[in-house]
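Start at 1 with the first residue, then count along the sequence.
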Amino acid sequence: MCECSHDASGKWISVSAPGGMARQVIVDEFDSTEHAWKRVGTYVDDTSVEKQLSRLKMKGVQSRVISQSFCPTGL
């Protein structure tokens, strides 16, 4: 059985797979109106992360990257 999650770019990523868990890279942006971090997307490749960070930087949005080698169950 494979459970999947839909990320912000429209791609499906595996959250549970035979043989282990792929590295997950989360990109968040800071919402200054709510003074909180908001999830932009979850990615498995560095190219997608760099593209998203570039878009956010061009918009003048503060962002952060969280790299995980496991799938947190609370997200």
Side-chain angles (χ1 to χ4, degrees):
M1 182 171 145
C2 178
E3 297 178 22
C4 294
S5 175
H6 198 261
D7 75 0
S9 68
K11 295 180 182 177
W12 288 94
I13 57 172
S14 175
V15 296
S16 178
M21 182 62 208
R23 181 178 70 109
Q24 303 291 301
V25 181
I26 296 168
V27 176
D28 291 341
E29 68 179 5
F30 189 73
D31 184 341
S32 59
T33 59
E34 294 187 24
H35 302 288
W37 290 98
K38 303 273 181 158
R39 178 75 30 92
V40 174
T42 303
Y43 307 91
V44 293
D45 64 286
D46 293 335
T47 304
S48 297
V49 172
E50 292 298 326
K51 287 179 183 177
Q52 184 63 28
L53 291 174
S54 293
R55 283 190 284 261
L56 292 170
K57 185 176 180 180
M58 287 175 34
K59 289 173 39 178
V61 176
Q62 183 181 2
S63 59
R64 69 180 180 184
V65 175
I66 303 167
S67 180
Q68 299 175 328
S69 59
F70 63 93
C71 182
T73 58
L75 296 180

Exercise. What's the verdict on side chain to side chain contact (heavy atoms under 4.5 Å, CB included) for Leu56 and Val27, showing C-alpha distance, side-chain angles and the deciding distance?
Worked result: CA-CA 10 Å; Leu56 292 170; Val27 176; 3.8 Å; yes
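When hydrophobic residues (I, L, V, M, F, W, Y) are linked wherever their side-chain heavy atoms come within less than 4.5 Å, the members clustered with Trp37 are Phe30.
Shown here are the side-chain hydrogen bond (donor to acceptor under 3.5 Å, both in side chains) partners of Thr33, two or more places apart in sequence or in another chain: Asp31. Here Lys38 pairs with Glu34 under the side-chain hydrogen bond (donor to acceptor under 3.5 Å, both in side chains) rule; sequence neighbours left out. Taking the side-chain hydrogen bond (donor to acceptor under 3.5 Å, both in side chains) definition, one finds that Glu29 meets it with nothing, sequence neighbours left out.
For residues 50-66, the pairs satisfying salt bridge (charged side-chain N to carboxylate O under 4.0 Å, His left out) are Asp28-Arg64, with sequence neighbours left out.
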